[in-house]
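Below you'll find the structure, written out as structure tokens, and then a few comments.
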Protein chains: 2
Amino acid sequence: MTTDASPHSPPPDTDPDADLRPLEIAGHRIDILDGAFSWFIRSLDSVVSRDLDARMGHLEVAKGKGKITALLLIDDYPGIRPSEIAEVLMRDRPTTGRIIDRMVQAGLVSRGVSAHDQRAQSLTITPAGHDLAEKVREIIRQQEAEFFDFIAPEDRAQFMRILRRTYMRMRSKWT
Amino acid sequence: MTTDASPHSPPPDTDPDADLRPLEIAGHRIDILDGAFSWFIRSLDSVVSRDLDARMGHLEVAKGKGKITALLLIDDYPGIRPSEIAEVLMRDRPTTGRIIDRMVQAGLVSRGVSAHDQRAQSLTITPAGHDLAEKVREIIRQQEAEFFDFIAPEDRAQFMRILRRTYMRMRSKWT
DNA sequence: AAACACAGTTGCATTTCACAACCATAACAG
DNA sequence: CTGTTATGGTTGTGAAATGCAACTGTGTTT
């Protein structure tokens, strides 16, 4: 039994042993999930995504995991094709196509026909889309600053390194 | 085939500078998202969740983010109430209630009335539910081993430490 | 006794997402 | 150059997650 009844809950940031104790969330331990990377990643996803939705609620790319990436890709790679975006997103083509539909309807992106392949589309950003991309970048920067700046710089580099490697590794397993 | 024609794409695992280069995903850089923790967390979530679904596809708790945690909580805390689970999950009560509905229907959990509060429910695991919880723990262990064992032990502790702290910090911001 | 707070349920309404089937174009085989 | 196969994108459909508002019943407070 931990000292739960204690009237003063010490700020976790200042307790050196915090990392060794079983985690308590809303007063409950979480079993094997406490040591599971996957659980923290999945839980962090919820929080990060909600926060991002709150920040972007009024923009045309809120909600869902693909819109932001798609927008920035089209901004950076004029002429990119939907199937390329689908591959980056790891979504199927119908799903990706509908994401693009919405962006076209919102006037952020325009569809053209690829010069070399009549089947393929050539996506380009519109001025409004480019403006939005800039806003999105700024929002991402802000969120990163607010949520992750507390991590010490050395830790941050390490954290990013592991995240990147894990992501690439899992990606390659999937495809 | 490791002899890639491109001058700059050696196998990432063996390249010491891999962490310094911009990441390429399906041949495309991902703009500011490359340095964004949130993007990697959100993307990792997709991959991890899909993998978990694949592993659990046949069990009664596949898909969705709350079922596994709820099952283990009920297994560990007999008599726990739905609202407590909702708080851990950071989901609203209707959502949590429906998760529990499905588990009750599947014979994993039984609902009772709390001894001290006629409004509240007292959830307990059934033998079938307990068996499933054991299976789930084993699957989690396997996934962790397969996906994260490549991280060096020291790095792993560090990674977990940062994940935990980030999670707790974000949680406290939300509530 | 009335007002308020809390636990859980029900009814929507929204959004996401994947699979299958389909059309058009391209690439390739004979 | 013709038939077959592969590729890019769209449409149809259904399953599932999730969240908000409104409701019932119970506890708590004034």
Side-chain angles (χ1 to χ4, degrees), chain A residues 26 42-43 45-47 49-54 56-57 60-70 74 79-106 109-123 174, chain B residues 26 42-43 45-47 49-54 56-57 60-70 74 79-106 109-123 174:
Chain A
R42 282 155 57 92
S43 302
D45 170 74
S46 292
V47 188
S49 295
R50 273 189 228 184
D51 179 76
L52 213 50
D53 284 347
M56 304 219 179
E60 275 291 340
V61 286
K63 303 242 174 193
K65 298 235 171 72
K67 300 195 189 75
I68 292 170
T69 307
I74 298 171
I80 193 173
R81 297 177 308 169
S83 57
E84 297 180 88
I85 296 178
E87 200 188 342
V88 175
L89 298 183
M90 293 189 283
R91 296 277 176 276
D92 65 4
R93 283 198 290 279
T95 300
T96 307
R98 275 156 187 148
I99 291 174
I100 296 168
D101 285 345
R102 291 188 49 172
M103 292 200 287
V104 171
Q105 281 177 357
V109 166
S110 71
R111 278 195 240 246
V113 178
S114 165
H116 302 298
D117 187 337
Q118 295 293 108
R119 298 170 299 180
Q121 296 176 356
S122 165
L123 303 173
W174 193 256
Chain B
R42 282 154 58 92
S43 302
D45 169 74
S46 291
V47 189
S49 296
R50 270 189 229 186
D51 179 76
L52 212 50
D53 285 346
M56 305 221 178
E60 276 292 340
V61 286
K63 302 245 178 193
K65 296 231 170 74
K67 301 198 188 74
I68 293 171
T69 307
I74 298 171
I80 193 172
R81 295 178 309 168
S83 56
E84 297 180 89
I85 297 178
E87 200 187 342
V88 175
L89 298 183
M90 292 190 285
R91 295 274 176 282
D92 65 3
R93 283 199 289 279
T95 300
T96 308
R98 276 157 188 148
I99 290 174
I100 295 168
D101 286 345
R102 291 188 51 171
M103 292 200 288
V104 171
Q105 282 177 357
V109 167
S110 72
R111 277 196 241 244
V113 178
S114 166
H116 303 297
D117 189 337
Q118 295 293 108
R119 297 170 300 181
Q121 297 177 357
S122 165
L123 303 173
W174 193 256

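The analysis underlying the following values was restricted to heavy atoms, covering all of them including side chains, and did not include hydrogens, waters or symmetry mates. In what follows, chains are A, B, ... by sequence order, proteins preceding strands, each numbered from 1.
Two residues are said to be in side-chain contact when any heavy atoms from C-beta on lie closer than 4.5 Å; S83(B) and R93(B) meet this criterion.
Phosphate contact (OP1/OP2 of dT18(D), side-chain N/O of K65(B), threshold under 4.0 Å): absent. Dashed line: the shortest gap from a side-chain N or O of R111(A) to OP1 or OP2 of dT10(D) is under 4.0 Å. Within the 4.0 Å cut-off from OP1 or OP2 of dT10(D), not a single side-chain nitrogen or oxygen of R98(A) is found. Between R93(B) and dA21(D), a side-chain N or O to OP1/OP2 separation shorter than 4.0 Å is absent. Between Q121(A) and the phosphate of dT10(D), there is a side-chain N or O to OP1/OP2 separation shorter than 4.0 Å.
Atom pair I99(B):CD1 and dT18(D):C1' shows a separation of 10 Å (rounding to whole Å applied). Atom P of nucleotide dT10(D) and atom CD1 of I85(A) are separated by 11 Å, given to the nearest angstrom. Taking atom CG of residue D45(A) and atom P of nucleotide dT16(C), one finds them 14 Å apart after rounding to whole Å. E87(B) has its CD atom 12 Å from the P atom of dG8(C), to the nearest Å. Per the geometry, CG belonging to L123(A) stands 14 Å off P belonging to dG8(D), to the nearest Å. D117(A) has its CG atom 15 Å from the C1' atom of dC28(C), to the nearest Å. For the pair D53(B) CG and dA15(D) P, the computed distance is 17 Å after rounding to whole Å. The distance from atom CZ of R91(A) to atom P of dT10(D) is 18 Å, rounded to the nearest whole Å.
Comparing H116(A) and G66(A) along DNA chain C, the residue whose closest nucleotide (by nearest heavy atom) sits nearer the 5' end is G66(A).
Residue contacts for D101(A): at a heavy-atom cut-off of 4.0 Å it reaches no nucleic acid atom on any strand shown. D92(A) comes within contact range of at least one nucleobase, with a heavy-atom separation under 4.0 Å. Residue S83(B) is in sugar-phosphate contact alone, with no base atom involved, counting any heavy-atom pair closer than 4.0 Å across all strands shown.
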Please evaluate residues L123(A) and M103(A) with respect to the criterion side-chain contact (heavy atoms from CB on, under 4.5 Å), reporting the C-alpha separation (whole Å), side-chain torsions for both, the decisive distance (0.1 Å), and the verdict.
CA-CA 11 Å; L123(A) 303 173; M103(A) 292 200 287; over 6 Å; no

Is there a side-chain contact (heavy atoms from CB on, under 4.5 Å) between D45(A) and R42(A) once you walk through the steps?
CA-CA 5 Å; D45(A) 170 74; R42(A) 282 155 57 92; 5.6 Å; no

Check the pair L89(A) / I99(A) against side-chain contact (heavy atoms from CB on, under 4.5 Å), numbers first and verdict last.
CA-CA 11 Å; L89(A) 298 183; I99(A) 291 174; 4.3 Å; yes

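With dA24(C), dA16(D), dT10(C) as the choices, the nucleotide that has an atom nearest any side-chain atom of R119(A) turns out to be dA24(C). For P94(A), the listed nucleotide lying nearest its side chain is dT10(D); candidates were dT16(C), dT10(D), dG19(D).
Among all heavy-atom pairs drawn from V113(A) and Q118(A), the shortest one is CG1-O, 3.9 Å.
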